[in-house]
Amino acid sequence: MQHSQSLKIYKFGGASVKDAAAITNLRSIVSKHGADGPLLIVVSAMGKTTNALEEIFQLAYAGQDYAALLLQLADFHRAVAQELLSATNEDAASATASNDPSLEQLVEQLGDRLATLTTGEFDKQYDQVVSFGELLATRIVASALGAQWLDCRPLLRTDHAWREGRVDWPTTERNLTTAVPPLLANGPVVTQGFLGGTASGHTTTLGREGSDYTAAIFAYCLGAESVTIWKDVAGLLNADPKIFEDTVRYPEISYQETIEMAYYGASVIHPKTIKPLAVRQIPLYVKSFVDPTAEGTKIHDCRHGLLVPAFIRKTNQCLISFESKDLTFISEENLEVIFGALAQVRLKINLMQNSAISFSVCTDFSAYRLDKLLTALREQFTIHYNTDLELYTIKNYDAASLQRLTTSRELLLEQRTRQTFQFVCRSNA
Ligand code: ASP
Ligand code: MG
């Protein structure tokens with residue numbers, strides 16, 4: 001395998017490319033921090049574009065009128081491109097290879113896709129449409145930087161699991177190591193996050209917020225020196241500042257801790273991102289695009305003492321309790337039936353607990369899945385459930401952090417291990 005030891009990978013999410021000013025800021029980050037070696041830039045759709053495309057797609061799929069929303073989306077991208085173009089010097093703009101699609105051609109392709117949607121295969125068609133957010137954003141960013149635009153879809157190979165494509169690692173690695181190093185030798189490369197492609201040439205997506213994962217896939221395959229995710233927060237924090245006050249930044253943290261936080265629901269980094277980086281020992285930096293010289297967080301293979309407690313909240317939870325109808329103990333046989341039914345309806349257990357005659361699970365709420373579960377198990381068990389709940393996790397808890405979160409809340413279920421305290425309570429909202 002060919003390693004590009006000095007290769008750096010930057011990932012810019014939706015907020016960091018949300019308008020012309022944000023892209024101008026991105027350009028200054030790239031010129032100040034990314035100049036000393038090969039650089040590959042992974043970009044997400046601009047701002048809330050993916051949500052807008054989902055809406056447009058749903059209308060089109062239902063045979064309803066989406067023209068106004070599509071025009072709004074196209075005009076938004078055109079206006080940003082125009083604003084950047086007038087501020088970009090000619091040399092940079094002309095560095096774009098002429099056989100790549102222009103912004104207008106991409107807009108046209110999107111229009112064609114929407115106009116020719118057929119019914120059936122909702123998820124497959126979703127991917128063919130929603131993927132345009134990244135295609136448009138990278139077209140604009142590449143032009144603004146005078147960088148090469150790379151369509152990742154023929155290279156980043158996935159299976160046919162639409163909307164959560166599973167990566168074919170050997171093929172992807174072969175493709176990327178062949179195609180990307182020669183491009184990098186000519187200067188920075190801009191490519192799409194979130195997208196992949198099947199062997200049959202269809203577009204797939206990797207799951208919402210999947211662009212972080214894309215950066216890790218490129219890093220793993222190309223043996224990058226590091227990945228930097230540029231965010232609107234100062235690094236990896238012990239809680240989401242939109243929910244909790246007095247957040248603290250971790251200057252460094254291990255892969256393992258980060259994976260666990262993502263598992264409990266911290267929305268900092270896409271959960272699939274860490275493993276490929278850990279396997280090849282590639283450090284991940286989380287830095288602020290608002291304050292690019294600030295230190296941020298380094299995620300790598302490190303040992304640290306006890307960390308500041310982390311607070312993680314999952315909303316829209318449902319607590320389901322099963323009791324055996326004849327008041328017998330909850331047995332392994334009963335549990336087997338319950339787990340089987342949960343797997344069948346694809347309800348993922350976030351927390352579970354059993355007592356003599358009842359067994360409780362906390363899951364993400366889905367009316368549809370819950371209904372299927374009740375139908376499957378109602379005959380055998382007495383089932384109670386509460387919805388509109390929240391699941392809190394305190395990782396590396398101490399007395400003060402426990403107190404801070406639990407006072408003034410009525411806990412419906414709680415559980416603690418040596419490092420982690422979790423509880424379910426009613427939503428305050
Ligand atoms: N644009 C996609 C989304 O909004 C992927 C990403 O942002 O990482 O989910
Ligand atoms: Mg995003």
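Counting convention: from 1, in listed order, for ligands and their atoms alike. As the structure is a computational prediction, the values presented were derived from the model and not from experiment.
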Can any side-chain N or O of Gln344 pair as donor or acceptor with the backbone N or O of Ala376 at less than 3.5 Å?
no
Can you confirm, on distance only, whether ligand 1 has an N/O atom lying under 3.5 Å from any N/O atom belonging to Asp212?
no
Quick one: look at Ser211 and ligand 1, take heavy-atom pairs under 4.0 Å, and tell me if it's side chain, backbone, both or neither.
both
Has the side chain of Glu173 got a donor or acceptor atom that lies under 3.5 Å from a matching backbone atom of Pro170?
no
For ligand 1, which atoms sit closer than 4.0 Å to a heavy atom of Arg208?
3 (C), 4 (O), 9 (O)
Positive for ring pair (Phe, Tyr, Trp, His ring centres under 6.0 Å) with Trp230, one of Tyr285, Phe289, Tyr10:
Tyr10
Has Gly210 got any heavy atom lying under 4.0 angstrom from an atom of ligand 1?
yes
Just which atoms of ligand 1 are under 4.0 Å from any heavy atom in Phe194?
2 (C), 5 (C)
Parallel, tilted or perpendicular: which fits the ring planes of Tyr392 and Phe423, with parallel below 30° and perpendicular above 60°?
parallel
Does the His300 side chain pair with the main chain of Cys302, one donor and one acceptor, at a distance under 3.5 Å?
no
Which atom pairs, one a donor and one an acceptor, fall under 3.5 Å between side chains of residues 55-70 and the rest of the protein, sequence neighbours left out?
| unit_1 | atom_1 | unit_2 | atom_2 | d |
| --- | --- | --- | --- | --- |
| Tyr61 | OH | Gly120 | N | 2.9 |
| Asp65 | OD1 | Ala67 | N | 3.1 |

Give the numbers and elements of all ligand 1 atoms closer than 4.0 Å to a heavy atom of Thr50.
1 (N), 2 (C), 3 (C), 4 (O)
Taking distance alone, with N or O pairs closer than 3.5 Å, would you say Glu134 contacts ligand 1?
yes
Which of the ligand 1 atoms, numbered from 1, are nearer than 4.0 Å to a heavy atom of Ser44
6 (C), 7 (O), 8 (O)
